[in-house]
Amino acid sequence: MSRKTFFKYFIILAVMVALFSCATGKKKEEVAVQPVQEAVKEEIKPQEEKKEEKQETPAQKIDEDEATGPDLESVGKKVEDEEEKTEYNPTAVGIFNEAVKVAYVKPDDAIKMFEGAVKTDPRLYKAYYNMALISEWKGDYASAEKYYLEALKLKEDYFIASENLMMLYLKMNRPQDAEKFITQQINKFKRSSKLKNALTMLYLRTNRNEEARKNAMKTLKVDEKNSETMVLLARTYIKDKKYELAQNILDNAKEISPDNEKIYIEYSFIYKQNNNLPSAIEMLKKAVSIRYDLPEVHNNLGVLYSQAEDYSAAITEFRIALRYNSRYYEAKLNLANALRGEKQYEEAEKIYMGLLKEKPDMYEVLFNLGILYLDMDREFEGRDTIQRYSDAIKYLRDYSSRIDENSEAGKRVAKYIAEAEKKLKNKKDDIEREKKRKLKQEEEAKKKAEAEAKYKEILPAAEKAFAEKKWEEAKKLFTDCIKLLPDDNLARERLKAIDENIQAEALAKKKAEEEAKRKAKEDAKLRAANEKKYNAVIPKADAAFRKKDYETAQALYTEALSYIPDSEKAKERLKEIEDILKTRAEEEKKRVEEQKKKEQEEQKRKAEEAAKKAEEEKKRAEEQKKKEELEAAKRIEEQKKKEQEEQKRKAEEAAKKAEEEKKKAEEQKKKEAEKKAKPSGGKIEDEEDDSSNKNLPKANESGKLSPAKSGEKIDDE
């Protein structure tokens, strides 16, 4: 097995054991789930008193740790572990890999396929290991034990199988077999820290804390940087409530392995015990950020959220836990409790009922179901309160019958039963009182109905008389209404209104007569004044109309109407003016539009001319530019031609000069040759003598030798 695979399975096993240190809810430290007895009630009512811790003895049944599901080993055509190199039969490997694919959905078929693989190649120990994992997941512990042993026969140093078998013995309530087996394995492989850590976990699981600590310290002496051992050692101090010491050990472990999620799980428990719930939550969030597929950690995180009354977040975490392990019954119960806290009663009830069928021996469900029916603040659809309290009593009594009645839990459940019985009695009394009240109400209602029926016969006539202002008739009828219904405010208000109306009408009649006289006098005076003003304005309006000053005429005719509103002449003139102004406005509008159209056309023409002119300018500029470029090119060409001719002339002159110099040199040479060839005997000898002495210094007149000048020719021609 590779180092990576080996470490992976070590973590899985260690996380399973981590449940003992991540105690959640208000119960003993070793248990990592909330849904038992008082813990559930405390989750919904956190103010209740914490239950005293209870220690288990090795002989007691060990709570089962639910794993993620069978995290199966894989195998390729060739497996290379630290200590082996094995070529497996390709057919067996093919069957093996197909079994891995179907294991989660068809576990029984997968086991048969793994059996076929080992028949094809008996060396495939991982097939036995995977069969053990699937059997354990299904709850078939006997088969799991058999398969683990088969795997260990083929590979004795298969440490993950050894650890899992030890944990299986604990699940089977066989702690002595677990200790005997793991001790034998350690004796075979004395250097294995992994097996020694497994023994430490066994001591922790069986509440032998001092032995666990000694074994962890002994392991660290050999392997001082083993962070897994440090975590286990810290756990022993946590169990002894020596949190500061445990935290120091975890700090050292984190320095070595900062990505070990178990460290943060232990941190979380310490913070929880120190009542630092936010930090405890943060530590578990850190743990799942390192490794997300740990249902136990999600479950514990959900319990912490529940204790913080953040039921929505708790529900999310419990659902994640169940996504990774659908058989995680504690997480299901915790989910139902959180849903109850969130007042999602129907869904909570559905989960409780499902658990009663799936896990009949999980009698804590009875308690929680009883609390659900007792504490819910609204009715289930189709179920009355009497039925709800009766169900609460039934489930709580069923739960009470399964525990010690004299224990703290038994006494607490008895209180809940008494509370439910009291609520049931009060509800029944309320119902009885309600029946008597309704009977009395019915008798009173009958009498009232008869009076109301008579009242309803009289009232319309009274209202009609009131509406028609027949005050005396209405007064008599409303008086009869009060006799039938003394509390009828309408009739009293109507009677009061009738008296007020009778008085008001008399007073109003007198005032109206006086007002009519006064108004008639004022109206006559006003009419005379308005007619005078009207007669003064109309001639001015007519004059303005004839001059076609329609705006002035319009204002004057309008003024005339304010004096005599029913003047037909003013109205007709205003209608004529309105039609004229409307026609004029339309003509003006048409003129403006035509003018605007002409301006637009002129602008368009100018724009086209400008564009055309710009195009011509552009064309001329391009032609001018082209012409200039041609002339420049021509000048360059001519300049180049002149330079070439000048160079050619200079070259010819140089060649001519060189020819002349060459010719001159040849003539000079020829002369020298002719001079040397002349027939002159004595002279020649002299010349020879001279030439033989030409390098000697000449004597001066005094007969002394004088040195030759530098570069001066010595021979004298």
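These numbers come from a predicted model, not from an experiment. Count residues from 1 along the sequence.
The side-chain heavy atoms of Asn260 and Glu228, taken from C-beta on, include a pair separated by under 4.5 Å. Here the side chains of Glu646 and Lys650 are in contact, with some heavy-atom distance below 4.5 Å. In this structure, the side chains of Thr120 and Ile95 come closer than 4.5 Å at one or more pairs of heavy atoms. By the 4.5 Å heavy-atom criterion applied to side chains, Glu586 and Lys582 are counted as neighbours.
Atom CZ of Arg649 sits in a crowded spot, with more than 12 heavy atoms from other residues, nucleotides or ligands closer than 6.0 Å. Within a 6.0 Å sphere centred on NZ of Lys225, heavy atoms belonging to other residues, nucleotides or ligands number 12 at most.
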message: salt bridge (charged side-chain N to carboxylate O under 4.0 Å, His left out), that's the test. Do Glu638 and Lys641 meet it? Break it down for me.
response: CA-CA 5 Å; Glu638 288 175 354; Lys641 188 175 180 181; over 6 Å; no
query: For Lys101 and Glu98, what are the C-alpha separation, side-chain angles and deciding distance, and is it a salt bridge (charged side-chain N to carboxylate O under 4.0 Å, His left out)?
result: CA-CA 5 Å; Lys101 291 179 183 178; Glu98 287 300 315; 3.3 Å; yes
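Side-chain N/O atoms of Glu317 and Asn300 include no donor and acceptor closer than 3.5 Å. Neither side chain, Tyr264 nor Asp259, offers a donor N or O lying under 3.5 Å from an acceptor on the other. Side-chain contact, Tyr243 with Gln247: no donor N or O sits under 3.5 Å from an acceptor N or O.
Looking at residues two or more places apart in sequence or on another chain, you find a side chain to side chain donor-acceptor pair (under 3.5 Å) between Glu347 and Arg319.
For residues 615-628, every residue pair satisfying the salt bridge (Lys or Arg N to Asp or Glu O under 4.0 Å) rule, not counting sequence neighbours, is listed here: Glu617-Arg620.
Arg327 contributes a side-chain N or O that, together with a main-chain N or O of Trp137, makes up a donor-acceptor pair within less than 3.5 Å. A distance-only check finds a donor-acceptor pair linking the side chain of Asp121 to the backbone of Asn89 [under 3.5 Å].
A perpendicular orientation is assigned to the rings of Phe96 and Phe114, their planes being inclined by more than 60° (bins at 30° and 60°).
Taking a cutoff of 4.0 Å between a charged side-chain nitrogen and a carboxylate oxygen, Lys540 and Asp542 do not qualify as a salt bridge.
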